[in-house]
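Chain naming here is simple, since letters A, B, ... match the order of the sequence lines and numbering starts at 1 in each.
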Amino acid sequence: MSFDVDALRSQFPILDRTVHGKPLHYLDNSATAQIPNAVLDAVERHEIAHRANVLRGIHYLAEAATEAYENARLDVARFINAADASEVVFTSGTTSAINLVAHSFGQGLKPGDEIVISMLEHHSNIVPWQLLRQRSGIVLKVIPATTDGRLDLDKLDDVITDKCKLVAVTHVSNVTGADTEIYRIVEAAKAVGAKVLIDGAQRVPHGPIDVQALGVDFYAFSGHKMYAPNGIGILWAHRELLDALPPFMGGGEMIRTVTLEDTIFAEPPHKFEAGTPPIAQAVGLGAATRWLTEVDTPEATLHVAKLAEQTLSGLADIADGRIRIIGPQGTQSRLPVISFTVDGIHPHDVCQILDSHGVALRGGHHCAQPLMDFFDVTGTTRASLTFYNNQADVDALLNGLDAAIKKLT
Amino acid sequence: MSFDVDALRSQFPILDRTVHGKPLHYLDNSATAQIPNAVLDAVERHEIAHRANVLRGIHYLAEAATEAYENARLDVARFINAADASEVVFTSGTTSAINLVAHSFGQGLKPGDEIVISMLEHHSNIVPWQLLRQRSGIVLKVIPATTDGRLDLDKLDDVITDKCKLVAVTHVSNVTGADTEIYRIVEAAKAVGAKVLIDGAQRVPHGPIDVQALGVDFYAFSGHKMYAPNGIGILWAHRELLDALPPFMGGGEMIRTVTLEDTIFAEPPHKFEAGTPPIAQAVGLGAATRWLTEVDTPEATLHVAKLAEQTLSGLADIADGRIRIIGPQGTQSRLPVISFTVDGIHPHDVCQILDSHGVALRGGHHCAQPLMDFFDVTGTTRASLTFYNNQADVDALLNGLDAAIKKLT
Amino acid sequence: MYQDEIVTLAKSKTGAQRLENPDATVTLDNPLCGDRVTLDVNVADGKIMAVGHRVRGCMLCEASASLVARDAIGTDTDSIAPARDKLEALLKKGAEVSGDDPWSTVTTFGPVAEFKSRHECVLLPFEALGKAVEQAEDKD
Amino acid sequence: MYQDEIVTLAKSKTGAQRLENPDATVTLDNPLCGDRVTLDVNVADGKIMAVGHRVRGCMLCEASASLVARDAIGTDTDSIAPARDKLEALLKKGAEVSGDDPWSTVTTFGPVAEFKSRHECVLLPFEALGKAVEQAEDKD
Ligand SMILES: Cc1ncc(COP(=O)(O)O)c(C=O)c1O
Ligand SMILES: Cc1ncc(COP(=O)(O)O)c(C=O)c1O
């Protein structure tokens, strides 16, 4: 079976639009991916047929909305191979999922306990731990990066000590595209009895995962990067862990009984879902997991890998090596998130000129300033690809870069 | 100008549907209101024309998405008459807005400091303060209720002492519909130097407000109850207050600079909006504020008030007073949120039978268990009305109740 | 859903008074709707001798408590857990209930199957009886 | 947006070296893109005598710094704040810039108006010069 990129593209109306009179070449997928009709329609159908509040209603729409919401949880559980749907907590995104852990798991930590992150983390997996450090005196330690933009796993034993309670690292770097060897993190963490949290924001857009096989304790990701609506994300954790953890936010839907003196909380996952949840967005995320599972064939993966390879080699060929790849140089153990600098041109100028060619890139620190400091750059330009990208996108990128370099230097 | 309820209804496709073979009579608006085409379309147009991540992008879509997001903030600022759009913080709902304050404002409180809530609060305005009490030893005090389901304002001076730092009460009760005289709360709070937080979740669905005229410090509400999407809400606060408060969650978009040692936060409102925000939902909320501002004419208000009056008097006439209104008996200083009990019939049985007549009601504790305890009931049945409800809805309610009583007693 | 049989059962209030000397008493809550069942039981020789209950709950819960009180007398104590499971299977999976079983009367609640939010209302008295029987036998 | 005039200005690197004995030095950041401008100034008798800068930033910021260094020499120190405001009005509101003003050269950046995220890049050198001038005069 071959992969028909045009058929896929036709599911995304936005890919037909022009910007500045040029066809859109959307290569900013790591920031937010586009949304297919299947997902848009699922959300709209929900809103015009089953919109209601969930969990406590008796009437038809409330029952239907509750069923849709809980079915979406089942979809997500299937997508990540969770042992049970009650391990799937709906949040408003990766950031709020990690903050949930920082508050809830963090509440059990003592001054001097260590949390290990890495040099490659997105601010969303740095700042919550800094705030926890302020609240409770934990120590934050950092796995260094290698010069090709991976976690330096040889340093694990230096960084992860007996005092470590949690190792929180990214599955795939949003700057370098490097794919973390999670089993080595898990091994090192388990050796000292620490839990492992994986920031999967950049991994899940590329297909289903298996949290059980990964052997981790927490896994976080966002809907909007995996073709689902904004305002929805997932925290997955083992049920026993969720049972043991205190709630994060308080409100409706997360309680068993409330008196003015005291409150008894509901069981997971609802214990962690205070207030009216993002219902239609959950329905959209459920639809997105099904859509993506179907799209993610070996042929589709090959299609993306080829585009990534062309991009990497095309960048190497431009303007006698004036382009420096920030991250792995090759295609091994990396996803199609490609960062680079252009000698003598600021990333924002690169992005702006490429924009005038219809090419949407991201330039700047990518919410990963510590990694920028490590590479001693103020920012990079990033092209991030996914299934619906095509040859024309890569050509437009490379031609646009050529033009930018000619124009600005 | 007269009010054309049919024209309004035609903007809500869901109101045309049937349930159990009967036309839908949606009287569960306080739980979640339905969404008009104008809002659905605004969201969809955004997703297929301008979907991108916000705030840091250079490319066309990112600029357009950022503009749409910040314009939505302006819409909301206008809707609540905020002095400046930077006072409007997007959250995922009322619950998360109140939790934000409980963490951020709460961080500055000492053991023994007092927070005053009321007997009428929704769990979302109770549990966050109980969790704060656990974290930091504040004292939680409660303004009692009157027998007609209002805040007992005569007790304010007993409850609000010099130790009080915050008074957090509901604008309109989601059980009794009672409209709080906020100026008296503000007066009492200001007299002891306490701040005032208002839970406006049940107020804003009925039209624009003026936070400056109210004289409060924090105002929280949800999108889904005011004809906007799920997963979006607002915390409004004075700019100086937001400047002074520490952030709640950490992540992308809320920082100025991050190093592994330290982080400098962005200015409000972004300081409080960690991670990718609910962008399309904000766009939807912006559209909803404009839609609602237009709908909210004196004629429309009169239309709803008449329906509420008919409902109240109809309930009084049914089955020789077997129905007890939980809340104000009359229409003065109340909104069309009408709770009642039926002697000898459990609210869930009432709701279930009414559902078979196509009438969507809510039955139970309405996330207000302390108030249920006060009225010594396990729950109530609630009919909540809004602009698009009509005579047929009220008739179906009253006829259905008649039938339920005949059937079950 | 409120078929005559269910309404009649609820109104019959069968067993709706507490026992004087129960071997065991169990109270269970359904936090979703505030239902609360308090149920007393007397057992002897592996058989249920008497059941009494007080229900603060909806009509479905009352009907279920009445049915439990009506049909439990004389049945084996170890038939209760399977009866509950049979009821659950009927509600959640639309499972067939075979006719010659003493607890085949749970079919009365077949119409509740399509109303998921009400399943717990019907199950609660069965769960209370199951727990009460267990406690009573532990005491022996 | 990258019109020849802007590109040429940036490449000219006018004033792109630090002064030896500045009366004042100011460093400003634009956290959005990591731009950083360090700007030295010498003033005398209410006039700007010399400007030197180092820019770590984008081409727009460099072009703006070059223009500032080129056009500031000999102008009144109190013309800088209005020049900044004029540039801002041009960018944010598309305001007209009158031709006989010494700072009418800010029209060079007219094409940036439609790119909101880049306004700050252009404004930063003007803000740095404004602050530097203030500091230099405070010292007197
Ligand atoms: C008065 C009141 N406060 C708070 C809430 C909580 O709102 P949300 O669930 O949208 O966070 C509600 C609605 O459920 C409410 O009625
Ligand atoms: C690796 C990584 N982690 C976390 C995030 C934060 O995700 P969100 O902004 O959706 O909360 C992102 C995306 O911005 C990311 O790329």
Please state whether the side chain, the backbone, both or neither of A/Gln352 comes within less than 4.5 Å of a heavy atom of chain B.
both
Contact winner vs chain B - A/Cys351, A/Ala360, A/Pro278, heavy-atom pairs under 4.5 Å:
A/Ala360
Please classify the contact of A/Leu260 with chain B as side chain, backbone, both or neither, using a heavy-atom distance under 4.5 Å.
both
Within 6.0 angstrom of B/Tyr60 OH, more than 12 heavy atoms from elsewhere:
no
Quick check on the interface: out of A/Ala65, A/Gly231, A/Pro246, who has the most heavy-atom pairs with chain B under 4.5 Å?
A/Gly231
Of the backbone (N, CA, C, O) and the side chain (C-beta and beyond), which part of A/Gln130 lies under 4.5 Å from a heavy atom of chain B, both, or neither?
side chain
Please state whether the side chain, the backbone, both or neither of A/Ala102 comes within less than 4.5 Å of a heavy atom of chain B.
neither
Using a 4.5 angstrom heavy-atom cutoff, name the option from A/Leu354, A/Asp262, A/Leu132 with the most pairs to chain B.
A/Asp262
Applying a strict 4.5 Å limit to non-hydrogen atoms, the region of A/His366 in contact with chain B is neither
Please state whether the side chain, the backbone, both or neither of A/Ser96 comes within less than 4.5 Å of a heavy atom of chain B.
both
Proximity breakdown for B/Leu131 and chain A, heavy-atom pairs closer than 4.5 Å:
side chain
Structural part of A/Phe265 lying under 4.5 Å from a heavy atom of chain B
side chain
In terms of heavy-atom proximity below 4.5 Å to chain B, should A/Leu61 be classed as side chain, backbone, both, or neither?
side chain
B/Arg17, part contacting chain A, at a heavy-atom distance under 4.5 Å:
side chain
A/Ile35 portion near chain B, given a 4.5 angstrom heavy-atom threshold
both
A/Ile279, part contacting chain B, at a heavy-atom distance under 4.5 Å
both
Taking side chain as everything from C-beta outward and backbone as N, CA, C, O, which of these in B/Pro277 sits under 4.5 Å from a heavy atom of chain A? Side chain, backbone, both or neither.
backbone
Of the backbone (N, CA, C, O) and the side chain (C-beta and beyond), which part of B/Met372 lies under 4.5 Å from a heavy atom of chain A, both, or neither?
neither
Given a strict heavy-atom distance threshold of 4.5 Å, which part of B/Ala368 is in contact with chain A: side chain, backbone, both, or neither?
neither
Side chain, backbone, both or neither: which part of A/Glu261 has a heavy atom under 4.5 Å from chain B?
backbone
Under 4.5 Å from any heavy atom of chain B, what part of A/Asp16 do you find: side chain, backbone, both or neither?
neither
Max heavy-atom pair count under 4.5 Å with chain B, selected residue of A/Ile117, A/Thr257, A/Asn99:
A/Asn99
For A/Val142, which atoms come within 4.5 Å of any heavy atom of chain B: side chain, backbone, both, or neither?
side chain
Sorted by number, residues from residues 22-29 of chain B in contact with chain A (heavy atoms, under 4.5 Å):
B/Leu24, B/Tyr26, B/Asp28
Which atoms of A/His348 come close to chain B, meaning under 4.5 Å heavy atom to heavy atom: side chain ones, backbone ones, both, or neither?
both
Quick one: closest heavy-atom pair of A/Arg362 and B/Ala62, and the distance?
NH2-CB, 3.8 Å
